[in-house]
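Encoded as C-alpha cells, the structure appears first; notes follow it.
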Amino acid sequence: MSLSHMKYFQKQKTIATNHGQEVIIYRLVVEDEANVLDEWSKHLREHYCLDEEIDILRSGSGLSKEDYLNRIKFPDSGTSMGAAIMSGDFSEILVHDYIEFVQGYYTTRTRYSRKVNRNSSTMGSDVLGYKCIDTIKSNKNDELAILEIKAQSSESKPKSKLQDAVDDSAKDEVRVAESLNAEVQRLIDRNRFEEAKVVQRFQNKTDRPYRVKFSAVAVHSSTSFCEELVKIVDIAGHPDTNVNLLVIYSDKLMEFIKDMYVRASKC
C-alpha cells in the first residue's frame, strides 16, 4: 500500500560528486489536488496525535481540536525556532515516506507524538528503517537503515546541507543503541508489541548480525538547492565508506509546509 501523495516524488537524476559518490536527486512536484492533500495532511497530523486519541487528549484543556493541535502539538511557525522545527519534522516525515513506500522499509513513526516541547526536536537518529524476515530467527541479510536529515526549506542562500547531514550521520554509529531503545519504549507504550519485536531484533548486532545502511539526506526549497554544493560533498570523515546520499527539493517548500500544518489542523 502507498499513499497518493507519493506520486509527487519524481526522480530527476543521479549525479556524481567530485569524490566519486553518487547522489540521487528527487523533486517533490505538488499538485493542487484537494483529496490528495487532505489525505496527506491527515497522515501528517497522525504522526503527532492519532485521530482516535485527540478528543481525550484535549479534554482537560478545553481547547477545540484545531486549537489543541496548533497550540500544543504542532511546532509554532510564528517563531523562528518553531518554524525551523516544523521544517525539520516535515522533512523527516517526508523521508519516512520515501524509505517506506519507495525503498520498502518498515518505520515505526513514533518520533513526534510524545514531545514535551513542541518547538524542540526529538533526540536520537532522525529516521530508522527496518527490513526483517523473521524476528525470532535472525538473518545476516536483515537491514537497519539509519538516516540523517538536514533541511533548508526557506527561500534563502544555498547552504551545504547534504554535507551537514553526512557529518552528523557519522555520530549515528554511537547513538543508534539509544535510538533503538527509544523506539522500543514508544512502541510498547502503545501496545504495539509485535512491532517492538522487529526493532528489538536489531538491538544486539554482535550476537545477531545484520547489515547497516547509513544515509545522509538534504531537503531543500528549489531556491536553496545548489547542485554545485552537492558535487563537493565529501564522506571521507564518515566511518562508512558507502554512505547513501539523497537530495529532495521542492518549489516554495516552507510556504507549502506551513500550509500543510494549517490543513492538518482542520479536523
Side-chain angles (χ1 to χ4, degrees), residues 1-3 6 9 11 14 17 21-26 28 43 47 88-112 121-135 138-151 161-187 192 194-219 230 233 235 237-248:
M1 186 190 82
S2 182
L3 294 171
M6 293 306 297
F9 279 77
K11 186 175 181 180
T14 299
T17 70
Q21 283 81 40
E22 288 191 345
V23 185
I24 300 175
I25 310 292
Y26 271 82
L28 189 67
H43 172 68
H47 282 80
D89 283 4
F90 185 89
S91 298
E92 289 173 10
I93 293 168
L94 200 64
V95 174
H96 275 97
D97 293 344
Y98 171 78
I99 67 166
E100 179 175 354
F101 299 118
V102 176
Q103 295 193 319
Y105 288 89
Y106 158 69
T107 67
T108 71
R109 299 182 185 268
T110 61
R111 184 170 166 82
Y112 315 94
S121 57
T122 305
M123 300 296 288
S125 302
D126 291 339
V127 176
L128 296 173
Y130 311 90
K131 286 184 179 178
C132 176
I133 298 170
D134 188 331
T135 59
S138 58
N139 187 310
K140 65 180 181 180
N141 292 319
D142 290 346
E143 290 181 5
L144 172 64
I146 308 172
L147 299 95
E148 180 70 26
I149 294 87
K150 296 296 181 185
K161 287 297 181 180
L162 188 59
Q163 185 66 61
D164 290 345
V166 169
D167 295 343
D168 274 6
S169 173
K171 304 171 186 176
D172 276 320
E173 192 173 46
V174 175
R175 63 191 176 191
V176 66
E178 294 174 344
S179 300
L180 289 168
N181 182 65
E183 295 232 301
V184 169
Q185 289 184 141
R186 291 191 295 258
L187 287 167
R192 291 162 57 181
E194 291 304 312
E195 292 172 79
K197 290 179 183 178
V198 175
V199 181
Q200 288 173 322
R201 179 268 171 271
F202 294 91
Q203 287 187 287
N204 185 345
K205 191 173 188 293
T206 302
D207 292 342
R208 304 178 69 190
Y210 55 82
R211 296 191 292 186
V212 178
K213 289 192 174 180
F214 288 96
S215 294
V217 185
V219 179
V230 172
V233 166
I235 67 168
H238 199 287
D240 187 347
T241 59
N242 191 31
V243 183
N244 296 305
L245 303 175
L246 172 68
V247 173
I248 303 170

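Hydrogens, waters and symmetry mates are skipped; everything else that's a heavy atom, side chains included, is used.
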*4.5 Å side-chain heavy-atom contact, V102 and M6*: yes
So CG of L187 and OG1 of T108: to nearest 0.5 Å the spacing works out to 5.0 Å
Taken to the nearest 0.5 Å, the spacing of E22 CD from L246 CG works out to 12.5 Å
Next on the checklist: Using 30° and 60° as the class boundaries, would you call the ring planes of Y112 and H47 parallel, tilted or perpendicular?
Outcome noted: perpendicular
Nearest heavy-atom contact between V176 and I146 is CG2-CD1, 3.7 Å
Output for pair (N242 CG, S215 OG), nearest 0.5 Å, gives 9.5 Å
Rounding to 0.5 Å, atoms CD (E92) and NZ (K150) come to a distance of 9.0 Å
Partner of V217 under side chain to side chain contact (heavy atoms under 4.5 Å, CB included), picked from I149, V166, L245, L94, is I149
V184 and Q203 have their tightest heavy-atom pair at CG2-OE1, 3.7 Å
Note to self: Quick one, K213 and N244 - any side-chain contact, counting heavy atoms below 4.5 Å?
What the structure shows: yes
Closest non-hydrogen atoms of E183 and T110, given as atom of the first, atom of the second and distance, are OE2-OG1, 3.9 Å
Would you sort out whether V243 and Q21 count as a side-chain contact (heavy atoms from CB on, under 4.5 Å), showing the intermediate values?
-> CA-CA 8 Å; V243 183; Q21 283 81 40; over 6 Å; no
| request: Output yes when a side-chain donor or acceptor of R192 lies under 3.5 Å from a complementary backbone atom of R186, and no otherwise. | output: no
query: Is there a donor-acceptor contact under 3.5 Å from the side chain of D89 to the main chain of S121?
result: no
Smallest heavy-atom separation, S179 atom then S125 atom, equals OG-N, 2.9 Å
Check: Any donor and acceptor pair, going by atom type alone, linking the side chain of S138 with main-chain N or O of R208 inside 3.5 Å?
Finding: no
Taken to the nearest 0.5 Å, the spacing of H96 NE2 from L128 CG works out to 7.0 Å
Relative to the ring of Y106, is the ring of Y130 parallel (under 30°), tilted (30 to 60°) or perpendicular (over 60°)? tilted
Kindly indicate whether the side chain of V247, heavy atoms from C-beta on, has any atom under 4.5 Å from the side chain of Y26.
no
Is the shortest side-chain N to carboxylate O distance from R111 to D126 below 4.0 Å? yes
Worksheet entry | Under-4.0 Å salt bridge between E178 and K171 | no
Residues D97, R109: salt bridge by 4.0 Å N-O rule: yes
With no hydrogens and no angle check, is any side-chain donor or acceptor of Y210 less than 3.5 Å from a backbone partner on L144?
-> no
Rounded to the nearest 0.5 angstrom, the CG-NE2 distance for D168 and H238 is 9.5 Å
For E100 and T107, the nearest pair of non-hydrogen atoms, with its separation, is OE1-OG1, 3.6 Å
Fill in: Check: V219 and F90 side chains under 4.5 Å, non-hydrogen atoms
no
For Q103, the side-chain contact (heavy atoms from CB on, under 4.5 Å) test, sequence neighbours excluded, returns Y98, I99, Y105
Residues A216 and L162: closest non-hydrogen pair is O-CD1, 3.5 Å
